[in-house]
Trainee: 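Below you'll find the structure I mean.
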Amino acid sequence: MPVYDYRCTDCNSVYDVFHKGQEIKEDVVCPSCGSSNYKKLISAPMVSISSSSSSKNFNPPPCETGGCCNGGVCGLN
């Protein structure tokens, strides 16, 4: 079930819309101003890491630039 991010071109607010199947343009309405004028945004996919019996502790390497990638997970790229 896809969730898409949008930016309202009238009031500039950012919001997301959960679509049950494919994207339906009539479902994309700004919750702040009610406008149906929008720009679809590119969003990063969510990644989850599950633990298994073979990997006891996973410690990602620290971010070289001082926290640019949400808690030092840039080594996962």
Trainee: Which heavy atom of Tyr15 sits nearest to which heavy atom of Arg7, and what is that distance?
Mentor: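 Of all heavy-atom pairs spanning Tyr15 and Arg7, the closest is CE2-C, 4.4 Å.
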Trainee: I want to check a possible cation-pi pair here: Lys39 against Tyr6, using under 6.0 Å from ring centre and within 45° of the ring axis as the test.
Mentor: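 Negative - Lys39 is either too far from the ring of Tyr6 or too far off its axis.
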Trainee: Using side-chain heavy atoms (C-beta onward) and a distance below 4.5 Å, is Cys30 in contact with Ser13?
Mentor: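 Yes, close enough: below the 4.5 Å cut-off.
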Trainee: Could you report the tightest heavy-atom contact between Val29 and Gly34, atom names first, then the distance?
Mentor: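 Looking at all heavy atoms of both residues, the shortest contact is CG1-O, 3.5 Å.
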Trainee: Thr9 and Asn37: side-chain donor and acceptor closer than 3.5 Å?
Mentor: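 The criterion, which ignores hydrogens and geometry beyond distance, is not satisfied for Asn37 and Thr9.
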Trainee: Are Cys33 and Cys8 close enough, and set up right, to give a side chain to side chain contact (heavy atoms under 4.5 Å, CB included), and what steps lead you there?
Mentor: CA-CA 9 Å; Cys33 72; Cys8 178; 3.6 Å; yes
Trainee: Out of curiosity, Glu26 CD to Ser36 OG, how far, rounded to the nearest 0.5 Å?
Mentor: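 Going from the CD atom of Glu26 to the OG atom of Ser36 covers 9.0 Å.
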Trainee: Give me the atom names and distance for the closest heavy-atom approach of Phe18 to Val3.
Mentor: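 In this case the closest contact between Phe18 and Val3 is CD1-CG2, 3.7 Å.
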Trainee: Can you see which heavy atom on Val17 is nearest to which on Asp27, and at what distance?
Mentor: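 Scanning both residues completely, I find the closest heavy atoms to be CG1-O, 4.0 Å.
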